[in-house]
Structures are given as structure tokens and as C-alpha cells.
Amino acid sequence: SLVPLPSSPPSAHTCQGLAPSLPEEGQVNTSGPRLPLSTLHPTSSSCTAMDRIFSALLLSLLLLLQSSGAFGAPPQPRGTLCRTKPTDLVFIIDSSRSVRPHEFEKIKVFVSRVIEGLDVGPNSTRVGVINYASAVKNEFSLKTHHTKAGLLQAVRRIEPLSTGTMTGLAIQFAITRAFSDSEGGRGRAPNFKKVAIVVTDGRPQDGVKDVAARARAAGIEIFAIGVGRVDMHTLKQMASEPLDDHVDYVESYSVIEKLTQKFQEAFCVVSDLCATGDHDCEQVCVSTPGAYRCACKEGFTLNSDGKTCSACSGGLGSALDLVFLIDGSKSVRPENFELVKKFINQIVDSLEVSDKQAQVGLVQYSSSVRQEFPLGQFKNKKDIKAAVKKMSYMEKGTMTGQALKYLVDSSFSIINGARPGVPKVGIVFTDGRSQDYITDAAKKAKDSGFSMFAVGVGNAVEDELREIASEPVAEHYFYTADFRTISKIGKKLQMKICVEEDPCECKSIVKFQTKVEELINSLQQ
């Protein structure tokens, strides 16, 4: 099913006008559901995205560390009910010459992972795949395979075409052939959605604006995924509105699989089990996507059965020594560094700062380490915020190992304001590969009893994040290429920190959840 062209211009996969820059400081682009298009340039739009990731993470974590109240063990998911919406789904995948064979295998893994999360069948979701380069090849249509196993086998057999990049032609093929009744499309049935997921890594050699508009007018919802040196303007021209929900970017094909969760959630039908009464919670039922969890009223703690509640005596919370270890390397960029300062001050606004409650320290690192201010130097929010605003951007390398050593040897020392017997938490934020050795310092931090959280964004290396994170590693290290998913990471951190404390001494999630959500929503807007 090839649609040949008379001739094709030379490949237009060039650097000019394309968004991402090459890795800096000798970093390897090894990083990773759903990077907003705005992360490519530090524009006002990227500022919004950056707000979402860091503020949602740290604000949610620290509010629940420091806010007084009584609440029990974290409510756990108890019921699940999630089936995928009946959909006609067509993948439109770029296999032009710029996509290397091993990279094309990563695309196939991504497609397979999405398929694995679907309810596949003749009366539920049908899947087709269009492969394109200078020509368009219909790998299989919506009517070809009606089982998940058949689809996965067919995906494994797909081979790259390795010629030009005719993205517009591929979208036209989707309109006229892939979603047609003859190919298994159900466009005339109102209960079935038509969705196209376009994956590309370059500038197309033909026009996409008009043909994409025709596709959308025909009722096709288009998601555009860009990889590497993709032309972001093209992605915006293709994608459906709102663009923030339909345009995604990853730095390389090696991390495209991280977008799987976004699309699995996009096709999920959420059933509100709390509203239907189909739960066994004693006091409070909280709906989550496709599931529910039990919670307790303020003043009660959730018992180990995850359903019943016991009264608390009412704790006052505990003190905390918190140090931020912030990457100030040149890859962060000045505009985004100003956002980091804004995030820190947003968090400070939500803390109870005093000698007996929260103390905050701040360390910045790049090619060297600089203590911006130690624990306890500032006794109130106003002074902390003023010091944060005055912090200048170092803008050099990425010596994460050296920074961790400083955190262990100096930041949490008594001479620098740390209080004996007070829990100590370090939050390490980085966006790139360390240029030095981190293993010894990371191990020493954990052996010293510090709770270490590692948060990586963009080009951060996941193996390094795991080394930094406390045990269990899965609950202390977080990586995302998608700045909007940080709110979910923040909620996971809430639960983790809470469960480590005495339930009745734990911070009141019920009391502060609304406030956290309002702040996150405000930042998103």
C-alpha cells in the first residue's frame, strides 16, 4: 500500500529554526507522559510549564511536611474500574532517513505499550498504523486485527522506509483511506471517536497546515509527538486544540515510551465508584481516575485495613530541617533559573518558619558549590524570600557529586544551623548528567539518615537519580520529561512522607489538599 511521489526534495531535517539545542556541558541526551511544547524555548509559555512541574512537586511536599493537623496513614487505592473508550485509533509514524533503525524500534515499543493499555476488539477499540517517509505505507488497517496479540505481532513486523518526510501526505492518507468505512472506520457511529497519533522528528517536506485542518474538520482528533530536532511550528499546525493537551515533545526516541501513560489515561473511561456507593470506606471515599481510596475525617487516622478509621489524640506535627540542592548549570538557562527562585518563594509562603518548626537552607551548584544561606540564618519568611530573590545564577557545569558532598559535610552540620534530633530532608533538583562521581557522596547522605529525594527533568540521568534517592528508591526518585505530570509526583511524595511519620503526628492531608490544589491551579493558569 505504497503511495509514491514523482520526486522528493532533499531531507529537510536541519537545525535551523528547530527548537531543542544540542546537549550542553558534555551531557548525554539520555532523558525521557507528555512534555509541553513550551519546554523547548524559555518563553512565557515555558515559564507556565516550569511553574507546573516544580511548584506542584515541592509545594505539595512541603505543605504536607509542615502543616499542622491530624491525619492517618495515606489512603490507598482500593478499587479499580477503568475501561478504554471505543475508539478508531491510527498511528502515523515517521520512518524517514533521520530515524535510525534502533530509534524506530523505540517507536514500535511506544506503539505497543499504548496498545497494551487498550480494550481491543471489533466493538471496542480498533487500531491501524500508517508508516511514512517519501511514500506512505498502510501497515495494517482498522479492520485487520481485532485482538491485542494480533496487533502486537503486526507492530513487531514493521520496518522503516528510510527516505524523505512527507507528513502532509500521510495525514491525507489517513483522511481518505485509514479512517474510511472500507478500512474498518466507524465514522458514521456517534459513539466512536477518531484519533490519530503522529510521531515525527523533523521538518516535513510538504505542507501540513491545510490537510491537518481538513482532518480535524472531519472529526479526527490529532495528537502530535515531536522528537529531537523536530519543527515545533509544524506540530502546532497539526495538533487539535487545546495544544497543551495535544502537542508533546521528548528529547530522543530512547525516552518516547514515557509518553505511554498519557495516552492510556486519555483513552480511559473514569467511573466514579464513590458516587455510586460501590465502596467499603467507613468515613470518606475519594474518587481517583478509574478507582477510589478511603480517607478519614480530620482528627482520625486510617487503619491498616485501608477502610476504617481511629480517633487521634491530635499531634502538633514535627520540626524539619530542609535543604534545597539546586542545579544552577548553564543548561537550566537564566529565564528558567528565575522560575526556580519563584518556586522556592512560593514554598516558603506555605511554611511555618521558626526555630521550632521549619528551617530552610539553600545551596546552588554548577562547576562549584555555593551556599546561598544555611539552615536557621533567616527566622521568618520575609527574610528568606528576600535572600532567594538576590541569588545570582552560576551558569557553568554540573558537579552534582561535589554538591552532594557539601550537603553531607556542611549543610546538615550543627555549625550551619542543623538541629540535633530533627528530621533532615534534602531535595536534589537537576536537569542534566553530572560531570563528576556521585556514588560515595550519595551513599553517605543516605547512611547519615537523611531523607533524600531526587527529582530529574529533561536531560537528567535516571541511574544517577536512583543513586541519590533514599530507600525504597522507587518512592524517593522521580523523573519526568513532561512538566505537567509533576502534580502527580507531588501527590506521591505527600503519601510517602506522611506514611514515614506517626499517623497521628502526620500532617493533615484532608485540611490542606484543597489549598494545595488551588495553588497548583493558580500556577497552571
Side-chain angles (χ1 to χ4, degrees), residues 18-20 29-43 45-53 56 87 89-94 98-99 103-104 106-115 117-118 129-130 165 167 170-171 174 193 195-204 208 212 215-216 220-268 431 456-460 479-489 524:
L18 303 186
N29 207 357
T30 60
S31 66
R34 165 170 165 185
L35 185 68
L37 53 99
S38 55
T39 56
L40 300 169
H41 284 304
T43 60
S45 183
S46 75
C47 293
T48 302
M50 198 66 174
D51 274 338
R52 282 194 289 261
I53 180 170
T87 304
L89 173 62
V90 174
F91 290 91
I92 303 174
I93 55 177
D94 178 354
S98 64
V99 183
E103 293 174 330
F104 191 71
K106 296 292 184 182
I107 299 176
K108 290 161 61 176
V109 170
F110 163 69
V111 172
S112 297
R113 292 291 182 266
V114 175
I115 291 172
L118 301 175
V129 173
I130 296 172
T165 311
T167 309
I171 296 173
K193 292 179 61 177
V195 176
I197 299 176
V198 182
V199 183
T200 183
D201 77 336
R203 188 188 298 273
V208 300
R216 295 192 299 268
I220 301 172
E221 183 179 6
I222 301 177
F223 291 88
I225 299 174
V227 183
R229 298 185 177 279
V230 69
D231 178 9
M232 290 304 299
H233 181 63
T234 298
L235 297 184
K236 296 178 194 178
Q237 289 183 330
M238 289 190 289
S240 297
E241 293 284 349
L243 293 181
D244 275 353
D245 292 337
H246 291 83
V247 177
D248 296 276
Y249 170 78
V250 290
E251 292 82 1
S252 68
Y253 283 107
S254 64
V255 292
I256 192 172
E257 187 180 344
K258 293 182 180 292
L259 290 175
T260 301
Q261 183 180 356
K262 166 189 172 173
F263 291 100
Q264 289 177 341
E265 291 178 354
F267 296 125
C268 178
D431 80 332
V457 181
N459 292 331
Y479 172 80
T480 183
D482 178 357
F483 288 91
R484 288 171 304 216
T485 62
I486 270 295
S487 61
K488 296 178 183 178
I489 291 178
Q524 286 175 338

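These numbers come from the heavy atoms of this one structure, side chains and all, not from hydrogens, waters or symmetry mates.
Contact record, Ala170 with Ile130: O-CD1, 4.1 Å, taken as the closest heavy-atom pair. The two atoms that bring Leu243 and Glu241 nearest to each other are N-OE1, 3.5 Å, heavy atoms only. Across Thr167 and Pro204, no two heavy atoms sit closer than the pair OG1-CB, 3.5 Å. Across every non-hydrogen atom of Ala212 and Ile222, the tightest pair is O-CD1, 4.0 Å. Taking each heavy atom of Arg216 and Gln237 in turn, the nearest pair found is NH1-O, 3.0 Å.
Applying the side-chain hydrogen bond (donor to acceptor under 3.5 Å, both in side chains) test to Glu221 and every residue at least two apart in sequence or in another chain returns Lys193, His246. Contacts of Lys106 classified as salt bridge (Lys or Arg N to Asp or Glu O under 4.0 Å), with partners at least two apart in sequence or in another chain: none.
Looking only at side-chain heavy atoms (C-beta outward), Val250 and Val227 come within less than 4.5 Å of each other. Looking at Ile93 and Phe104, their side chains come closer than 4.5 Å, going by heavy atoms from C-beta outward. No side-chain heavy atom of Glu103 sits under 4.5 Å from any side-chain heavy atom of Ile256. Within the 4.5 Å cutoff, the side chain of Leu259 has heavy atoms near those of the Phe110 side chain. Looking only at side-chain heavy atoms (C-beta outward), Leu235 and Thr200 come within less than 4.5 Å of each other. Using a 4.5 Å heavy-atom threshold, the side chains of Ile225 and Phe263 count as touching.
Put simply, the side chain of Lys262 gets close to the backbone of Asp245: a donor and an acceptor are under 3.5 Å apart. When atom types are taken as modelled, the side chain of Arg203 and the backbone of Arg229 share no donor-acceptor pair closer than 3.5 angstrom.
Taken from OG1 in Thr87 to CG in Leu118, the straight-line distance is 7.5 Å, to the nearest 0.5 Å. Of the inter-residue distances, the one linking Leu89 atom CG with Phe223 atom CZ reads 9.5 Å to the nearest 0.5 angstrom.
The one candidate from Val99, Val199, Val230 that meets the side-chain contact (heavy atoms from CB on, under 4.5 Å) condition with Asp94 is Val99.
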